[in-house]
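Okay, structure first, notes after.
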Amino acid sequence: MNLRAVACALALAGGTLTAVAAPAAAAPTRYEAENATIVQGAVESNHTGYSGTGFVNGDNVAGPYVEWTVNAATAGTATLSLRYANGTTGNRPADITVNGTLVADDRVFNPTANWDTWATSTLTAPVVAGANKIRATAVSAGGNPNWDYLDAEVAPGGDFTDYQAEDATISQGIVDTKHAGYTGSGFVDYTNVAGSYVEFAVSAATTGQQALTFRFANGTTTDRPMTIAVNGTAVSTTSFPGTGAWTTWQEITVNAALTAGGNTVRATATTANGGPNLDRLRVTGPGDTEKPTSPGQPSCSQITHNSLRLDWGPSTDNIGVVAYDIFHQGTQIATAPAPPYTLTGLNSDFNYQISVFARDASGNVSLSSPEVSCRTLPAPPDNPPTAPGKPAISGVQPTQATATWAASTDDNGVSAYLIYDQNNVLLHTVATTTATVPLECNKTYQLHVVARDTASQLSPSSPASDSFTTGSCGTVPQAPSTIAGGWDVPWDISWAPDGTYALVTERDTFKVFKVTPSGTKTQVGTVPNVQTTDGEGGLMGLDFSPTWNGTTDQEVFFMHTASEGNRVAKMNFNGTALSGYASILQGINKNRYHNGGRIRFGPDGYLYVTTGDAQQSSNAPNLNSLNGKILRITKTGAAAPGNPFGTRVYSYGHRNPQGIAWDSAGRLWESELGNSSRDELNLIQPGKNYGWPTCEGTCSVSGMTNPKYTWSVSEASPSGIAIVNNTIFMAALRGQRLWRIVLNGENVSTVNSYFNSTYGRLRAVEKVPNASAIWFGSTNSDNNGSGAADVIRRSNIQ
């Protein structure tokens with residue numbers, strides 16, 4: 001089904017939501033609420049003034065909904081008029097979705113004086129030809145207002161898609177917010193030079209002429225003309241005259257031909273004054289948001305030590321598939337134009353777990369293909385590298401030292417150097433002959449180095465370095481003790497507010513366990529409606545309500561994958577067993593990988609939720625999407641007060657955010673999985689864009705917020721984090737270690753690691769209440785691990 005991008009621009013002005021009007025069309029069709037699908041509500045007639053045979057009175061909880069089926073003769077833009085009554089003194093917000101796509105987040109339905117007084121709230125949204133599901137879902141504990149009817153009026157072909165300038169490619173300009181009246185999260189202030197530009201990535205469902213409408217402000221009296229180019233060809237040089245003030249916004253329209261699929265629209269300043277302040281581009285005409293179908297089952301053939309031929313069933317798309325992205329676990333390893341495709345440059349004697357994703361010209365990405373496991377052959381007989389020289393050690397500090405050695409030689413070239421300690425624990429991998437090696441505090445070392453060639457053959461070891469000892473430091477994890485074993489992918493740990501026990505989720509069994517400090521482990525229930533993705537989805541994060549006491553407040557919150565996507569849900573827990581179930585937030589896309597999943601109540605009492613981009617990287621910068629974000633919501637799933645955009649979005653531009661925790665000053669820190677080069681530790685601030693997919697790791701792009709620290713993906717692949725005495729302890733999956741990150745205000749002071757390759761893949765880590773200690777859990781039994789049973793351990797921090 002081709003779900004068009006949201007076609008309405010809702011503006012919050014003076015506390016009132018207004019909507020862009022749709023083009024005129026035939027008289028609207030009325031759909032009575034009493035004839036709709038009703039969940040948690042009843043048809044009543046005890047108040048006057050309703051239409052039809054009654055109205056719908058929903059239950060006074062978050063989650064009830066009414067869903068109308070609206071039929072449209074053609075695809076287009078629908079004007080939706082919801083008639084309601086609210087006899088209370090407070091707003092009863094609702095989420096409005098069309099065919100499962102959120103088109104109005106926390107739509108306001110204010111009081112109407114009494115239950116006999118009816119009002120109408122109108123918005124516009126895209127619809128498809130045929131049946132459309134229009135759903136109004138209560139997002140607060142008060143429930144929905146009383147619903148009388150929905151009037152729907154469809155304007156054929158009246159679609160438009162808005163593209164915010166701050167999310168576009170910017171050359172010689174900055175994202176700013178200093179002038180009021182902009183839409184989205186800001187506007188682009190062009191540098192005052194000729195040639196500065198903003199370039200939008202625009203999709204179109206069909207080839208043909210479309211209207212390009214630029215919203216701008218020019219507070220000068222001088223025209224600031226720009227050349228408009230489509231797909232690299234200039235179509236117009238257009239005047240952008242003064243608008244009277246920088247807070248006065250106007251629109252100028254240029255007609256141009258777009259091609260079906262992806263297009264670029266560039267607005268380039270032609271004079272030394274630069275361009276005007278640019279708010280957005282509105283493209284009139286249907287956009288292409290239909291995902292390709294999932295590729296078929298991949299298969300491997302012609303396997304060598306460093307290559308294999310991959311084949312799969314092709315995808316279909318309404319416009320056409322342009323590429324297939326090939327992943328090993330959650331990391332992209334290749335892009336192919338079509339099947340079959342030969343993967344090269346692979347590691348020898350290595351098991352690849354491969355899945356394929358189709359991508360169309362508009363950047364829409366399919367759900368995952370099935371996965372295939374393929375192992376490359378051992379490398380053929382070859383001359384391994386010569387032994388590196390003896391490492392010379394310098395710059396010894398409590399958490400690091402510099403090692404330098406003479407290079408190895410190899411007939412096909414050295415690809416990496418592996419640095420080990422005297423117990424053959426791998427500490428670091430580099431491509432150069434000098435490295436700053438992260439070390440434990442107050443420990444004696446002798447380091448040696450092994451070279452690896454392009455065929456993955458290893459050299460003899462170098463001679464060991466001279467012995468040296470690092471200095472002492474505080475907040476160091478001590479040798480751990482076992483709390484409880486026998487786990488199946490323990491994903492998250494949350495302590496009861498009184499600290500007497502913790503709850504633990506298992507990702508793939510959907511079970512929840514109660515674990516005491518002494519290690520007594522008891523299953524307390526299973527979360528319903530959970531589905532696996534055969535990757536990183538399933539039952540993920542959990543957290544207690546901050547005021548949980550087991551009696552008057554029994555709420556425990558979960559994030560999990562369900563049939564339609566990822567959800568945040570709540571259940572009741574009385575200290576012994578879980579009961580009940582209510583979804584408080586849906587509309588978060590899922591995929592095999594990149595599902596996020598961590599939830600934590602912050603010091604402010606609101607729930608913070610990490611969501612991955614669902615392998616659709618364009619989700620991350622899109623403020624209309626809940627994916628690739630950190631969300632901040634109430635216990636009912638509504639947007640928390642004070643959020644930067646008035647929606648659930650707190651920060652954006654995230655690929656796959658994982659751990660979140662707050663330091664002693666209330667600053668929010670987050671760990672994030674990168675793609676192929678850099679994993680990140682970020683200081684999260686409201687409204688900031690953290691760069692994905694424009695940036696992976698540190699970059700210098702205007703408007704992007706850089707991480708405070710990065711790692712190679714082989715050393716980290718981070719998951720949970722916990723903070724003890726302003727030191728972050730970060731679990732590493734692929735890196736198989738616990739990273740120690742000392743904070744200095746808003747910056748990172750020192751970084752080193754512990755338990756390197758000792759306990760395998762680490763995922764969950766949580767501070768023990770009222771103690772300088774952490775619990776951390778391994779997930780070696782997941783589909784990327786060794787298959788060993790998992791253990792939760794305790795380490796005191798001294």
Side-chain angles (χ1 to χ4, degrees), residues 329-330 483-495 501-515 521 523-544 556-562 566-571 573 578 588 590-601 607-612 656-661 670-673 717-722 729-734 736 738 759-767 774-793:
Q329 299 175 2
I483 295 296
W487 297 95
D488 186 345
V489 193
W491 206 96
D492 204 7
I493 301 167
S494 178
W495 285 88
Y501 59 85
L503 292 182
V504 179
T505 55
E506 284 190 337
R507 186 190 68 191
D508 296 343
T509 68
F510 318 148
K511 296 176 181 177
V512 183
F513 293 85
K514 176 180 177 179
V515 185
K521 173 184 172 185
Q523 184 180 346
V524 298
T526 301
V527 178
N529 303 310
V530 185
Q531 291 187 0
T532 182
T533 66
D534 295 319
E536 295 172 346
L539 178 57
M540 297 174 286
L542 87 156
D543 206 10
F544 281 87
V556 178
F557 294 78
F558 299 91
M559 186 168 179
H560 68 84
T561 308
N566 289 308
R567 294 183 188 176
V568 180
K570 64 181 178 181
M571 298 182 72
F573 179 62
L578 289 168
I588 306 168
K590 67 177 180 179
N591 216 320
R592 182 184 294 274
Y593 302 109
H594 304 186
N595 293 294
R598 199 76 57 183
I599 61 173
R600 287 290 182 268
F601 279 96
L607 185 62
Y608 291 73
V609 180
T610 72
T611 67
N656 196 11
Q658 290 289 299
I660 48 175
E670 170 254 9
S671 60
E672 184 161 336
L673 287 161
S717 295
S719 190
I721 64 173
F729 296 93
M730 184 180 82
L733 294 163
R734 186 174 170 188
Q736 300 191 21
L738 183 74
Y759 304 116
R761 294 166 56 83
L762 304 184
R763 185 182 298 276
V765 57
E766 188 69 10
K767 183 184 182 300
I774 56 172
W775 279 13
F776 65 93
S778 63
T779 54
N780 297 309
S781 60
D782 70 9
N783 48 6
N784 303 323
S786 64
D790 292 314
V791 177
I792 291 178
R793 297 175 170 87

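Source: prediction; values computed, not measured.
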Show the nearest heavy-atom pair for residues [X] and [Y], with the distance to one decimal.
| X | Y | answer |
| --- | --- | --- |
| A722 | A661 | CA-CB, 4.5 Å |
| T779 | P490 | CG2-O, 3.4 Å |
| G486 | E506 | O-OE2, 4.5 Å |
| V530 | L539 | CG1-N, 3.6 Å |
| T533 | N595 | OG1-ND2, 4.2 Å |
| Q658 | W491 | OE1-CZ2, 3.9 Å |

Legend entry - Verdict with reasoning, R763 to D782, per salt bridge (charged side-chain N to carboxylate O under 4.0 Å, His left out): CA-CA 11 Å; R763 185 182 298 276; D782 70 9; 3.2 Å; yes
Hey, does the side chain of [X] reach the backbone of [Y] with a donor-acceptor pair shorter than 3.5 angstrom?
| X | Y | value |
| --- | --- | --- |
| T561 | T532 | no |
| N780 | D790 | no |
| S778 | G760 | no |
| S781 | A789 | no |

Inset, instruction - Go through R600 and E670 one step at a time and tell me if the salt bridge (charged side-chain N to carboxylate O under 4.0 Å, His left out) criterion holds. - result: CA-CA 11 Å; R600 287 290 182 268; E670 170 254 9; over 6 Å; no
To the nearest 0.5 angstrom, please state how far the [atom1] atom of [X] sits from the [atom2] atom of [Y].
| X | Y | atom1 | atom2 | answer |
| --- | --- | --- | --- | --- |
| F573 | F544 | CZ | CZ | 5.5 Å |
| R761 | S719 | CZ | OG | 9.0 Å |
| L733 | L673 | CG | CG | 7.0 Å |
| H594 | N656 | NE2 | CG | 5.5 Å |
| K514 | K521 | NZ | NZ | 15.0 Å |
| F513 | T505 | CZ | OG1 | 10.5 Å |

Heavy-atom distance under 4.5 Å between the side chains of [X] and [Y], does that happen here?
| X | Y | value |
| --- | --- | --- |
| W487 | V515 | yes |
| D492 | R598 | yes |
| F776 | Y759 | yes |
| L738 | I774 | yes |
| V556 | M571 | no |
| F558 | L578 | yes |
| M559 | T611 | yes |
| Q329 | R734 | no |

Legend entry - Side chains of S494 and D543, donor plus acceptor under 3.5 Å: yes
Inset, instruction - Assess whether side-chain contact (heavy atoms from CB on, under 4.5 Å) is satisfied between F510 and H560, documenting all intermediate values. - result: CA-CA 9 Å; F510 318 148; H560 68 84; over 6 Å; no
Inset, instruction - Return each pair, listed once, that meets salt bridge (charged side-chain N to carboxylate O under 4.0 Å, His left out) where at least one residue sits in residues 524-542; pairs must be two or more places apart or across chains. - result: none
Inset, instruction - For Y593, check ring-ring contact (aromatic ring centres under 6.0 Å, His included) against everything at least two apart and list the hits. - result: none
